[in-house]
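The structure appears right after this line, and notes come after that.
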Amino acid sequence: MERDVLIYDNSCAYANYIKQKLGREFDFEKHRAFRNSENIDFKKYGAVIFILNSEIELLDLMWILNKTKNLLFYSKFKKINERLDQIESIKLLDFSKSKIEIVDDIQMNLTLATVFL
């Protein structure tokens, strides 16, 4: 249960890469939209990775914000990152790093998130 991770990524590009690199350590489930998925049991997941590809996806982010305690967030939109950085329950991921560093950061954050459940 705590090793289950939900990934929101409308394009699935990052989700596929993360799943490929960390799939032996964590059980990933990918979703492309949440608003129409009333049947998702967020308590099942130790963490949620949310990758914002367009501003319209903020609706999905707002829909899940109070449904999970461990949210790892990535956005290419600096202003959105600055605003969300103030929310304690959101951990911002820095995708300006190399792919190896990104995977290391995600692995560390997922491990920490799932250890303290």
Gap between atom [atom2] of [Y] and atom [atom1] of [X] - 0.5 Å precision:
{"X": "Trp63", "Y": "Glu57", "atom1": "CH2", "atom2": "CD", "result": "15.0 Å"}
{"X": "Asn66", "Y": "Leu71", "atom1": "CG", "atom2": "CG", "result": "11.5 Å"}
{"X": "Tyr17", "Y": "Leu22", "atom1": "OH", "atom2": "CG", "result": "9.0 Å"}
{"X": "Leu84", "Y": "Lys79", "atom1": "CG", "atom2": "NZ", "result": "14.0 Å"}
{"X": "Glu25", "Y": "Ile106", "atom1": "CD", "atom2": "CD1", "result": "12.0 Å"}
{"X": "Asp41", "Y": "Leu6", "atom1": "CG", "atom2": "CG", "result": "10.5 Å"}

According to the salt bridge (Lys or Arg N to Asp or Glu O under 4.0 Å) rule, which pairs have a member within residues 88-104, sequence neighbours left out? Lys97-Asp105
Tell me if a side-chain donor or acceptor on [X] pairs with a main-chain N or O of [Y] at a distance below 3.5 Å.
{"X": "Asp9", "Y": "Ile51", "answer": "no"}
{"X": "Gln20", "Y": "Asn16", "answer": "no"}
{"X": "Asn81", "Y": "Ser75", "answer": "yes"}

Are side-chain heavy atoms of [X] and [Y] found at a separation under 4.5 Å?
{"X": "Phe50", "Y": "Ile64", "answer": "yes"}
{"X": "Phe26", "Y": "Thr111", "answer": "yes"}
{"X": "Ile18", "Y": "Phe28", "answer": "yes"}
{"X": "Glu55", "Y": "Ile80", "answer": "yes"}
{"X": "Ile40", "Y": "His31", "answer": "yes"}

Between [X] and [Y], what is the shortest heavy-atom contact and its length?
{"X": "Lys67", "Y": "Phe42", "answer": "O-CB, 3.3 Å"}
{"X": "Phe77", "Y": "Leu52", "answer": "CD1-CD2, 3.8 Å"}
{"X": "Ser11", "Y": "Asn53", "answer": "N-ND2, 3.6 Å"}

Do you know which of Ile87, Ile90, Ile49, Asp85 makes side-chain contact (heavy atoms from CB on, under 4.5 Å) with Phe73? Ile90
For atom NZ of Lys30, decide whether the heavy atoms of other residues, nucleotides or ligands shown that lie under 6.0 angstrom number more than 12. yes
Give the intermediate values and the outcome of side-chain contact (heavy atoms from CB on, under 4.5 Å) for residues Asn70 and Val48. CA-CA 6 Å; Asn70 298 307; Val48 175; over 6 Å; no
Let me see the working for Lys44 and Glu29 under side-chain contact (heavy atoms from CB on, under 4.5 Å), right down to the final yes or no. CA-CA 11 Å; Lys44 170 185 172 187; Glu29 184 176 326; 3.7 Å; yes
Could you check whether the rings of Tyr74 and Tyr14 sit parallel, tilted or perpendicular, using 30° and 60° as the cut-offs?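 Perpendicular, since the angle between the ring planes exceeds 60°.
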